[in-house]
Amino acid sequence: MGTTVLAGALVLFALLVPNRLERLGPEAFFRLPAEGILLAGLLLAVPPRSRRLMSVAAGALLGLLTVLKFVDMGFYSVLARPFDLVLDWILLDDAAEFVRESFGRTGQVLAVVGVIVLVVAVLVLMTLATVRVTNLMVGHRAVATRTTLILGTAWITCMTLGIQIAGVPLATKGNADFVNNRIEQVQAGLKDGRVFEKQAAVDAFAKTPPDQLLTGLRGKDVLFTFIESYGRVAIDDPAMAPQIDSVLKEGTNSLKAAGFQSRSAWLKSPVTGAGSWLAHSTFLSGLWIKNQQRYRSLTTSDRATLGSYFRKTGAWRTVGIVPGVRRAWPEGKFFALDHIYDSEHLGYNGPYFSWTPVPDQFSLEAFQRLEHGKKNRDPIMAEIILASSHNPWSPIARMTDWDDLGDGSVFNQIKKEGTDPKEVWKDPERVRTEYRHAIEYSLHSLTEWVERYGTDDTVLVFLGDHQPVPTVTAGSTSKDVPVTIVARDPKVLDKIADWNWTDGLKPAENAPTWGMDRFRDRFMTAYGPRGD
């Protein structure tokens, strides 16, 4: 009897469990599932041989749906969207790599083994449970038939009258809707390649002669800098806004004292929670790179990026400071970077900070030492990735004297004094606090570098790549990130006066909001002959 009850509970769980953690409350399981009632009727009606095959198939299907719902829970928790059955398989490998880099090889192995065991267990147990419940119904056919008819009538009544419990409809067809949404998602994913190919074929600057490209920036060092997970929540959330506002005001004032002016607005990222490379490629290519399929198509194409156009002029040396890259990165050639400095080539001999291989302050100092500080050099266009604000935000580096950075060994003690990510992630409020600290550190690193090393020829464009995970955004569905342009030469900012961006490092709430894919063309127009 106990095993039968457990089998029934497991089948009911599979039918009713939602695919989002925030909906996983008691009210979710006090509902009438249309699929369960229909399945019971079919199993009672078919011949014995067909019934056994149907019950096994139904159990396996319920198991697969349950596994997919579990995967969705993870994706919603990190990316604020469901798992894409066509385009997201590669992200599972990235997730395993993230676990390894954050919690070590042992943590990765345990996580992978745990996932495999869970998937197999769900499939096997769900199939056995469905067969057992089917046998129970057949053994008590009269009672089962009456019960099925009563439940079917109750479902129709509740659906017609819209009866709810705690705001949740008592009658549900959630699994049917879930499957239908997945079918539509797969169809859209299969068509997306053709849609993207047409979009990528359009480039307003493809035939522009090199001597007419970026004429308004000739002689300037142009630095495109991405701050990991620097999203709108850092500026708008009441729990973080006062501290971040203070950092941005301090940065605005200190830069102004050093002769720099700044303008800020918002960009809408194609991703949230993770997927930085998709945001970077969107910003640089002028195309909406919302999934891995588009990213692969882009990076194997001849589409020109901002780096391509700077290189095409022959007036800039293009370099990349990419401390998050720790293995072969063939896509780097696509972004037209003459030289790439990854985590192994910045001269850093300090510790990792969870996922972050190199603290932001050191990455910027390395850029100064390796490229920006050299004498008698050509102007530089640099793509700089600041990774200290990358999830899990524990432990976090802190600012130290620039002259004491050395080879990074100074960060060993700083890491020892930092927080433990396993402890931090037990409390969402601590996660949010550490996220704020990480953003503060990245902003301080960047603004102090400009004060210390910026010149009349420095043009800094910095932005967030995406919003942080839902644990931090606390229900916000916004994909907005701040973007700022900093320059000492007033002519640089005069060329974007008609953009109506906000003065300073902090964009106003009603500042313009563009899709991140629109920046490239607007930037090149403003600083090309038409903008002169």
Side-chain angles (χ1 to χ4, degrees), residues 203 205-206 208-226 276-277 279-287 289 295-296 298-348 357-358 360 362-387 446 449-450 453-455 457-463 465 485 487 492 519-521 523-524 527-528:
D203 187 341
F205 297 91
T208 303
D211 62 353
Q212 294 182 31
L213 292 169
L214 300 161
T215 54
L217 293 171
R218 297 299 172 100
K220 305 293 185 185
D221 294 318
V222 185
L223 317 178
F224 297 104
T225 304
F226 296 90
S276 302
W277 62 95
H280 299 171
S281 53
T282 294
F283 180 83
L284 296 169
S285 71
L287 294 170
I289 311 301
Y295 180 75
R296 285 180 168 177
L298 173 70
T299 54
T300 55
S301 72
D302 58 359
R303 173 77 178 189
T305 64
L306 280 172
S308 304
Y309 282 123
F310 273 92
R311 176 193 273 180
K312 185 177 180 180
T313 67
W316 280 275
R317 171 174 166 80
T318 61
V319 300
I321 304 296
V322 288
V325 174
R326 279 157 285 183
R327 52 187 176 183
W329 188 42
E331 299 96 329
K333 294 181 180 179
F334 168 77
F335 293 103
L337 300 173
D338 295 324
H339 194 87
I340 296 173
Y341 298 93
D342 59 22
S343 62
E344 301 298 321
H345 296 89
L346 292 173
Y348 181 68
V358 184
D360 291 348
F362 190 94
S363 295
L364 290 165
E365 180 65 23
F367 171 60
Q368 177 65 22
R369 168 171 41 85
L370 296 168
E371 290 286 346
H372 188 263
K374 289 183 177 180
K375 297 181 179 180
N376 302 318
R377 60 171 175 77
D378 291 333
I380 297 170
M381 187 236 79
E383 178 186 345
I384 302 173
I385 313 298
L386 299 183
L446 187 56
W449 184 90
V450 176
Y453 298 118
T455 70
D457 293 325
T458 298
V459 178
L460 169 67
V461 181
F462 76 91
L463 66 150
D465 49 16
I485 297 180
V492 172
F519 182 87
R520 190 202 73 159
D521 286 6
F523 183 85
M524 293 186 64
Y527 293 106

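Ring geometry for Phe523 versus Phe310: interplanar angle of 30 to 60°, hence tilted. Taking the six-membered ring for Trp and thresholds of 30 and 60 degrees, Phe367 and His372 have ring planes inclined between 30 and 60 degrees apart.
Side-chain N or O atoms of Ser343 include one that pairs as donor or acceptor with a backbone N or O of Val325 at under 3.5 Å. Without hydrogens or angle criteria, Tyr527 side chain to Val492 main chain gives a donor-acceptor distance under 3.5 Å.
Leu337 has its side chain within reach of Met381: a pair of non-hydrogen atoms, C-beta onward, lies under 4.5 Å apart. With contacts defined as side-chain heavy-atom distances shorter than 4.5 Å, the pair Leu386/Phe462 does not qualify. In this structure, the side chains of Thr208 and Tyr309 stay at 4.5 Å or more apart for every pair of heavy atoms. Leu346 places a side-chain heavy atom less than 4.5 Å from the side chain of Ile321. By the 4.5 Å heavy-atom criterion applied to side chains, Leu306 and Phe283 are counted as neighbours. Taking 4.5 Å as the limit, every side-chain heavy atom of Trp277 sits out of range of all side-chain heavy atoms of Glu331. For the pair Leu284/Phe334, no side-chain contact is recorded, criterion being any heavy-atom separation below 4.5 Å from C-beta on. Side-chain contact between Glu371 and Arg377 is absent, with no heavy-atom pair separated by less than 4.5 Å.
The CZ atom of Phe224 lies 8.0 Å from the CD1 atom of Ile485; values are rounded to the nearest 0.5 Å. Interatomic distance, Leu298 CG to Ile289 CD1, rounded to the nearest 0.5 Å: 4.5 Å. Going from atom CZ of Arg303 over to atom OG1 of Thr299 covers 13.5 Å, rounded to the nearest 0.5 Å. Summarising the geometry, atom NZ belonging to Lys333 is positioned 13.0 Å from atom CG belonging to Asp338; distances are rounded to the nearest 0.5 Å. The line from NE2 of His339 to CD1 of Ile380 is 12.0 Å long, rounded to the nearest 0.5 Å. One distance of note links CG of Leu287 with OH of Tyr295; it measures 13.5 Å at 0.5 Å rounding.
Residue Gly307 comes nearest to Thr318 through the heavy atom pair O-CG2, 4.0 Å, listed as atom of the first residue, atom of the second, then distance. Between Lys220 and Pro379, the closest heavy-atom pair is O-CB, 3.5 Å. Nearest heavy atom pair, residue Gly347 against residue Arg369, reads CA-NH2, 4.4 Å. When every heavy atom of Pro357 is checked against every heavy atom of Tyr348, the shortest pair comes out as O-CE2, 3.1 Å. In plain terms, the two heavy atoms of Leu217 and Trp316 that are nearest each other are O-CZ2, 3.0 Å. Among all heavy-atom pairs drawn from Gly332 and Ile340, the shortest one is CA-CD1, 3.8 Å.
Using modelled atom types, one finds no donor on one side chain facing an acceptor on the other under 3.5 Å when comparing Thr458 with Asp221.
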Fill in: Pair Asp203-Arg520, side-chain contact (heavy atoms from CB on, under 4.5 Å): steps then yes or no
CA-CA 11 Å; Asp203 187 341; Arg520 190 202 73 159; 2.8 Å; yes
Worksheet item: What do the steps show when you test Phe335 against Val322 for side-chain contact (heavy atoms from CB on, under 4.5 Å), and what is the final call?
Response: CA-CA 12 Å; Phe335 293 103; Val322 288; over 6 Å; no
Worksheet item: So Ser363 and Tyr341, side-chain contact (heavy atoms from CB on, under 4.5 Å) or not? Walk me through it.
Response: CA-CA 10 Å; Ser363 295; Tyr341 298 93; over 6 Å; no
Worksheet item: Could you walk me through whether Thr225 and Leu460 pass the side-chain contact (heavy atoms from CB on, under 4.5 Å) check?
Response: CA-CA 7 Å; Thr225 304; Leu460 169 67; 3.4 Å; yes
Worksheet item: Would His280 and Phe226 satisfy ring pair (Phe, Tyr, Trp, His ring centres under 6.0 Å), going step by step from the backbone distance to the final call?
Response: CA-CA 8 Å; His280 299 171; Phe226 296 90; 4.2 Å; yes
